[in-house]
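Computation of the quantities below employed the complete heavy-atom set of this structure, encompassing side-chain atoms and omitting hydrogens, waters and symmetry-equivalent molecules.
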Amino acid sequence: VQLQASGGGLVQAGGSLRLSCAASGSIVSINVMGWYRQAPGKQRELVASITTGGSTNYADSVKGRFTISRDNAKNTVYLQMNSLKPEDTAVYYCAVHRARIMGGDLYGMDYWGKGTLVTVSS
């Protein structure tokens, strides 16, 4: 499974960005799709995740500002980021959890994308 993220960039505080991440390969199903971020000198943290059925989970720091969504037919996950703050500056990674591929393990595996940089200026 390959994950291709796009949409990062430089934005002023208060602005918006939309990240996209498309998963490709011989995918049968993906249980959870998520976005993580890692700021300089900090550990990687979960930003938001979404299940196949649409159940979502958000970090407290982004609740009310970020919205995660997914298109199951396209194996694509989105992150709409509004009211951005300088502390949102980080490399954002998309990941899929328990992704099943044709001929693969029935439980599925986790895959990670390479990351896209989001910089919020004050």
Checklist entry - Quick check: does any side chain N or O of R70 sit under 3.5 Å from a backbone N or O of G54, one acting as donor and the other as acceptor? => result no

Next on the checklist: Under a 4.0 Å threshold between the charged nitrogen and the carboxylate oxygen, would D60 count as salt-bridged to K63?
Outcome noted: yes

Checklist outcome for this item: Between L46 and A59 the two heavy atoms that sit nearest each other are O-CB, 3.4 Å

Next on the checklist: Nearest 0.5 Å, please: how far is OG in S49 from NE2 in H97?
Outcome noted: 7.0 Å

Next on the checklist: With a 4.5 Å cut-off on side-chain heavy atoms, are D71 and Y78 touching?
Outcome noted: yes

Next on the checklist: Count I, L, V, M, F, W, Y as connected when their side-chain heavy atoms are under 4.5 Å apart, and connections chain through other members. Are V32 and L19 then in the same cluster?
Outcome noted: no

Next on the checklist: Determine whether a donor-acceptor pair (N or O, by modelled atom type, separation under 3.5 Å) exists between the side chain of T119 and the backbone of T89.
Outcome noted: no

Item to check | Expected output: side-chain D110 to main-chain R98 donor-acceptor under 3.5 Å | outcome: yes

Item to check | Minimum heavy-atom distance I30-N75, with the two atoms named | outcome: CD1-OD1, 3.9 Å

Checklist entry - Just how far is it from atom OG1 of T67 to atom CZ of R18, taken to the nearest 0.5 Å? => result 10.5 Å

Checklist entry - How far does NZ of K114 sit from CG of L3, to the nearest 0.5 angstrom? => result 11.0 Å

Checklist entry - Where do I68 and T56 come nearest, in terms of heavy atoms and distance? => result CG2-CG2, 3.7 Å

Item to check | Spacing of N57 atom CG and T51 atom OG1 [to the nearest 0.5 Å] | outcome: 10.0 Å

Next on the checklist: One pair to check against side chain to side chain contact (heavy atoms under 4.5 Å, CB included): V120 and M81. What are the steps and the verdict?
Outcome noted: CA-CA 11 Å; V120 184; M81 304 185 293; over 6 Å; no

Item to check | Y36 and its ring pair (Phe, Tyr, Trp, His ring centres under 6.0 Å) partner, picked from Y93, W112, Y92 | outcome: W112

Next on the checklist: Are L79 and V91 connected into the same hydrophobic cluster when the rule is that any two of I, L, V, M, F, W, Y join if their side-chain heavy atoms are below 4.5 Å apart?
Outcome noted: no

Checklist entry - Would one find more than 12 heavy atoms of other residues, nucleotides or ligands at under 6.0 Å from atom CD of Q4? => result no

Checklist entry - Do D88 and R37 have side chains that get closer than 4.5 Å, going by heavy atoms? => result yes

Checklist entry - Can you name the closest pair of heavy atoms from L117 and A90 and give their distance? => result CD1-O, 3.6 Å

Next on the checklist: For a 4.5 angstrom cut-off between non-hydrogen side-chain atoms, does W35 reach F66?
Outcome noted: no

Item to check | NZ on K85 to OG on S122, rounded to 0.5 Å | outcome: 14.0 Å

Item to check | Gap separating the CD1 atom of I27 from the OH atom of Y111, nearest 0.5 angstrom | outcome: 8.5 Å

Checklist entry - Between Q80 and S16, is any pair of side-chain heavy atoms under 4.5 Å apart? => result yes

Item to check | Given V77, T76, V96, the one that forms side-chain contact (heavy atoms from CB on, under 4.5 Å) with C21 | outcome: V77

Checklist entry - With distance as the sole test, does R65 use its side chain to make a donor-acceptor pair with the main-chain N or O of S83 at under 3.5 Å? => result yes

